[in-house]
Amino acid sequence: LSGNYVNQWVTSQGGQLSYPEQVAVPGDGYIYVADAAQALVLKFQTNGTLNNSFPGTGLGTLVNPTGVALYSNNIYITDQGTNQVVVLNSAGGLIRTWGSYGAGNGQFVDPEEITVDQATGNIYVADSGNARVQEFGSTGNFINQFTGAVYSQIGFGDPAGMFVKD
């Protein structure tokens with residue numbers, strides 16, 4: 001990689017970014033961006049043309065989305081405004097939500113980014129306000145957490161990003 005400038009998106013067709021947080025490029029020909037200020041996840045074609053946007057609906061309405069990941073045609077979103085994970089289908093329909101404000105298993109304080117292990121379907125959430133990363137099964141069941149207490153040589157102050165290597 002040379003680090004050369006390739007492209008930027010600024011469009012008059014809608015899809016203007018206000019406060020982009022996380023970008024997901026799942027290999028389906030689209031790029032997904034969690035935009036916290038607009039309370040949307042935006043879906044772009046690779047040339048920057050807006051294809052769709054997802055505000056969530058009902059119980060899954062987005063307030064402050066900060067993370068986005070895709071797995072098995074579903075869109076996984078972390079929302080700091082509701083301290084939840086919101087799962088939408090590819091058309092934007094609500095599948096499920098989980099989480100609430102707090103420090104217990106499956107609870108969050110300002111969840112940041114989210115990623116999904118494409119091999120197992122397990123979901124990892126950077127729970128920045130609790131200084132930990134939580135691991136969940138594909139339906140949202142709590143599996144494990146990684147904290148500074150476990151990894152005292154590393155310590156998590158405010159985890160905000162991560163990835164899972166295939």
Ignoring hydrogens and angles, tell me if any N or O in the side chain of N130 forms a donor-acceptor pair with the backbone of R132 under 3.5 Å. no
Side chain to side chain donor-acceptor pair (under 3.5 Å) partners of D79, counting only residues at least two apart: none
List the steps and the verdict of side-chain contact (heavy atoms from CB on, under 4.5 Å) for V86 and L94. CA-CA 8 Å; V86 176; L94 180 66; 4.0 Å; yes
Output, in order, the C-alpha distance, side-chain angles, deciding distance and verdict of side-chain contact (heavy atoms from CB on, under 4.5 Å) for D127 and V133. CA-CA 5 Å; D127 183 8; V133 173; over 6 Å; no
Side chain to side chain donor-acceptor pair (under 3.5 Å) involving S100 - partner list, sequence neighbours excluded: Q107
As an exercise, state the distance from CG of N105 to CD1 of I143, rounded to the nearest 0.5 Å. 11.5 Å
Checking one residue: Y101. Which other hydrophobic residues are in its cluster under the side-chain 4.5 Å linking rule? V109
Can any side-chain N or O of Q118 pair as donor or acceptor with the backbone N or O of L70 at less than 3.5 Å? yes
Looking only at atom types and distance, does a side-chain atom of D35 sit under 3.5 Å from a main-chain N or O of S18, one as donor and one as acceptor? yes
Here the gap from S128 atom OG to D110 atom CG, rounded to the nearest 0.5 Å, amounts to 5.0 Å
Hey, which of L50, N51, I75 is the one that makes side-chain contact (heavy atoms from CB on, under 4.5 Å) with K43? N51
Student check: side-chain heavy atoms of L40 and P55 closer than 4.5 Å: yes
For the student: nearest non-hydrogen atoms of P65 and A39, plus distance: CD-CA, 3.5 Å
Ignoring hydrogens and geometry, is there a side-chain-to-backbone donor-acceptor pair from T66 to P111 under 3.5 Å? yes
If two hydrophobic side chains count as joined below 4.5 Å and joins carry through other members, does F136 share a cluster with I95? yes
Ignoring hydrogens and angles, tell me if any N or O in the side chain of D117 forms a donor-acceptor pair with the backbone of G121 under 3.5 Å. no
Side chains of V85 and F108: does their closest heavy-atom pair fall under 4.5 Å? yes
Quick check on the hydrophobic clustering: are F142 and V87 connected, directly or via other members, by side-chain heavy-atom contacts under 4.5 Å? yes
Not counting sequence neighbours, which residues clear side chain to side chain donor-acceptor pair (under 3.5 Å) with T139? List them please. N141
Side-chain donor or acceptor of S72 paired with backbone N/O of N74 under 3.5 Å: no
Heavy-atom closest contact (A34 atom, G67 atom, distance): CB-N, 3.9 Å
Given the rule in the side-chain contact (heavy atoms from CB on, under 4.5 Å) test, do F44 and T46 qualify, once you have shown the distances and angles that lead to the verdict? CA-CA 6 Å; F44 292 94; T46 56; over 6 Å; no
Take V33 and L17 through the side-chain contact (heavy atoms from CB on, under 4.5 Å) test and state the conclusion after the steps. CA-CA 9 Å; V33 181; L17 298 172; 4.0 Å; yes
Any side-chain to backbone donor/acceptor pair from Q22 onto V68? Under 3.5 Å, distance only. yes
Can you hop from Y19 to I77 via hydrophobic side chains spaced under 4.5 Å? no
Search all heavy atoms of I123 against all heavy atoms of G137 and return the closest pair with its distance. CD1-O, 3.4 Å
Is it true that a side-chain atom of Q134 and a backbone atom of G106 form a donor plus acceptor pair closer than 3.5 Å? yes
Distance-only check: which donor-acceptor pairs under 3.5 Å involve side-chain atoms of residues 25-32, not counting sequence neighbours?
| unit_1 | atom_1 | unit_2 | atom_2 | d |
| --- | --- | --- | --- | --- |
| D28 | OD1 | Y30 | N | 3.0 |
| D28 | OD2 | Y32 | OH | 2.9 |

Which residues satisfy the ring-ring contact (aromatic ring centres under 6.0 Å, His included) test with Y76, sequence neighbours excluded? none
Report yes if some heavy atom in the side chain of Q84 is under 4.5 Å from a heavy atom in the side chain of W98; otherwise report no. no
When every non-hydrogen atom of E21 is compared with those of A36, the smallest separation belongs to CG-CB, 3.8 Å
